[in-house]
Amino acid sequence: MDLLNRYYLYLLALGYTVHSTKNTQNSITNYVDAVDNVANWEQKSIDELARDINSVIPLYSKGGAKYSQVSKNNTRTLQGLIHFKEFVEKNYSAYRE
């Protein structure tokens with residue numbers, strides 16, 4: 001099972017819904033898609049993104065170099081990256097700095 005699928009299961013275990021409702025964007029699908037999109041934008045594999053997550057998050061945070069790239073969906077993207085960082089740090093010592 002790849003890292004992105006494990007992240008999906010991690011969010012499911014935390015109680016996030018699979019799909020967003022009308023009033024929320026905090027869903028597993030949105031967070032996983034956000035992480036996958038950032039990996040593609042950064043031209044990194046999911047494993048590479050996991051290793052570099054501490055340097056990637058500031059880029060997509062308010063005031064970061066790529067904030068405007070995702071400003072419409074910034075909260076979802078940033079929260080997806082933050083949860084991904086938590087997931088990696090809790091489960092994969094090889095990715096810790």
Side-chain angles (χ1 to χ4, degrees):
M1 181 179 301
D2 72 3
L3 200 57
L4 208 54
N5 286 328
R6 290 174 197 234
Y7 176 51
Y8 179 98
L9 294 175
Y10 168 80
L11 293 171
L12 190 61
L14 289 178
Y16 286 92
T17 59
V18 175
H19 297 287
S20 61
T21 62
K22 196 179 224 182
N23 298 323
T24 180
Q25 294 184 13
N26 298 335
S27 75
I28 295 170
T29 303
N30 289 334
Y31 286 164
V32 170
D33 287 349
V35 170
D36 193 36
N37 287 337
V38 170
N40 288 327
W41 295 331
E42 295 297 315
Q43 298 180 337
K44 295 179 182 287
S45 69
I46 297 299
D47 287 338
E48 291 169 327
L49 182 65
R51 279 190 286 278
D52 297 340
I53 195 68
N54 288 325
S55 62
V56 171
I57 287 175
L59 296 173
Y60 293 90
S61 298
K62 189 170 185 174
K66 299 189 177 181
Y67 177 77
S68 63
Q69 181 175 339
V70 295
S71 60
K72 184 177 181 182
N73 297 314
N74 188 297
T75 301
R76 177 179 42 198
T77 300
L78 188 56
Q79 289 301 312
L81 290 172
I82 290 169
H83 287 302
F84 186 64
K85 176 184 175 183
E86 293 167 355
F87 158 72
V88 168
E89 288 177 344
K90 287 180 182 177
N91 296 289
Y92 296 96
S93 61
Y95 294 115
R96 292 186 197 127
E97 291 185 328

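Side chains included, hydrogens not; waters and symmetry mates left out as well; all remaining heavy atoms used.
For the residue pair Tyr67 and Tyr60, the shortest heavy atom distance occurs at CD1-O, 3.8 Å. What you find for Tyr8 and Ile28 is that their closest heavy atoms are CD1-CG2, 3.1 Å. Scanning both residues, Gln43 and Glu48, for their nearest heavy atoms gives O-OE1, 4.3 Å. Contact between Tyr10 and His83 at its shortest, heavy atoms only, is CE2-O, 4.0 Å. The two residues Phe84 and Val35 come nearest to each other via the heavy atoms CB-CG2, 3.8 Å.
With contacts defined as side-chain heavy-atom distances shorter than 4.5 Å, the pair Phe87/Leu3 qualifies. Side-chain contact between Asp36 and Leu4: present, with at least one pair of heavy atoms (C-beta onward) separated by less than 4.5 Å. The shortest side-chain heavy-atom distance between Asp52 and Lys44 falls under the 4.5 Å cut-off.
A donor-acceptor pair under 3.5 Å is absent between the side-chain atoms of Ser61 and the main chain of Gly64, judged by distance alone. A donor-acceptor contact shorter than 3.5 Å links the side chain of Asn37 to the backbone of Asp33.
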Val56/Val38 under side-chain contact (heavy atoms from CB on, under 4.5 Å): CA gap, chis, key distance, verdict: CA-CA 9 Å; Val56 171; Val38 170; 3.7 Å; yes
Yes or no on side-chain contact (heavy atoms from CB on, under 4.5 Å) for Asn54 and Glu89, after CA distance, side-chain angles and deciding distance? CA-CA 11 Å; Asn54 288 325; Glu89 288 177 344; 4.2 Å; yes
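Asn30 and Ser27 form a side-chain donor-acceptor contact under 3.5 Å, judged by distance and modelled atom types alone.
Note: Leu9 CG to Leu14 CG = 11.0 Å, rounded to the nearest 0.5 Å. Taking CG of Asn91 as the start and CD of Glu86 as the end, the distance is 11.0 Å to the nearest 0.5 Å. With values rounded to the nearest 0.5 angstrom, Tyr7 atom OH is found 13.0 Å from Lys85 atom NZ. For the atom pair CG of Leu59 and CG of Leu78, the computed distance is 11.0 Å after rounding to the nearest 0.5 Å. One distance of note links OH of Tyr31 with CD1 of Ile82; it measures 9.0 Å at 0.5 Å rounding. In this structure, CD1 on Ile53 lies 4.5 Å from CG on Leu81, to the nearest 0.5 angstrom.
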